[in-house]
**Q** 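Sharing a structure below in structure tokens format, with a few things to ask.
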Amino acid sequence: MALRTKLLGGVLVGFALLGGCANEGGNDNGDPGAKPLAAGQTCQSIRGELNKLDAKGAQSKVEAASQGKKLPPAQQAEVDRYNELLNQYLGARCHV
């Protein structure tokens, strides 16, 4: 659980830094605002899918991939899906 918290914290910091660089649309401080979710998606549905991937050990796979380790295709697909969902979750400001 602590690893997941640290990883999520690192991702949030990264997004905060990247968000500070963007200056398209949005408000005066360069914040582009929340991104809309795809039709049929909600913050709760994305969080639910992230929780399922967490229960399957996705965090350790994400960490391994971020360290440059080669993963089997099925595990890499999980990592890609997890990252995609996390980007949607954070981009839509579900965590706020």
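Fair warning: this is a prediction, and the values are worked out from it, not measured in the lab.
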**Q** Looking only at heavy atoms, what is the nearest atom pair of Y89 and R47, with distance?
**A** OH-CD, 3.5 Å
**Q** Can you tell me if Y82 and E49 form a side-chain donor-acceptor pair at under 3.5 Å?
**A** no
**Q** Between CD1 of I46 and CG of L85, what distance do you get to the nearest 0.5 Å?
**A** 6.5 Å
**Q** Quick one: pull up SG in C43 and CZ in R93 and give me the separation to the nearest 0.5 Å.
**A** 11.5 Å
**Q** Can you confirm whether R81 sits close enough to E78 that some side-chain heavy atom of one is under 4.5 Å from a side-chain heavy atom of the other?
**A** no
**Q** Kindly compute the distance separating CD (Q88) from NZ (K35), expressed to the nearest 0.5 Å.
**A** 9.5 Å
**Q** N83: which residues meet the side-chain contact (heavy atoms from CB on, under 4.5 Å) condition with it, sequence neighbours left out?
**A** V62, V79
**Q** Show your working on salt bridge (Lys or Arg N to Asp or Glu O under 4.0 Å) between K61 and D80 and close with a plain yes or no.
**A** CA-CA 10 Å; K61 296 169 192 166; D80 293 342; over 6 Å; no
**Q** Rounded to the nearest 0.5 Å, what's the gap from CG on D54 to CD on Q59? Could you check?
**A** 5.0 Å
**Q** Side-chain contact test, heavy atoms from C-beta onward, threshold under 4.5 Å: evaluate it for P72 versus Q75 and give yes or no.
**A** yes
**Q** Taking all non-hydrogen atoms of both residues into account, name the closest pair between S45 and G40 and its distance.
**A** OG-O, 4.5 Å
**Q** Just jot down the side-chain contact (heavy atoms from CB on, under 4.5 Å) partners of Q44, sequence neighbours excluded, or say none.
**A** T42
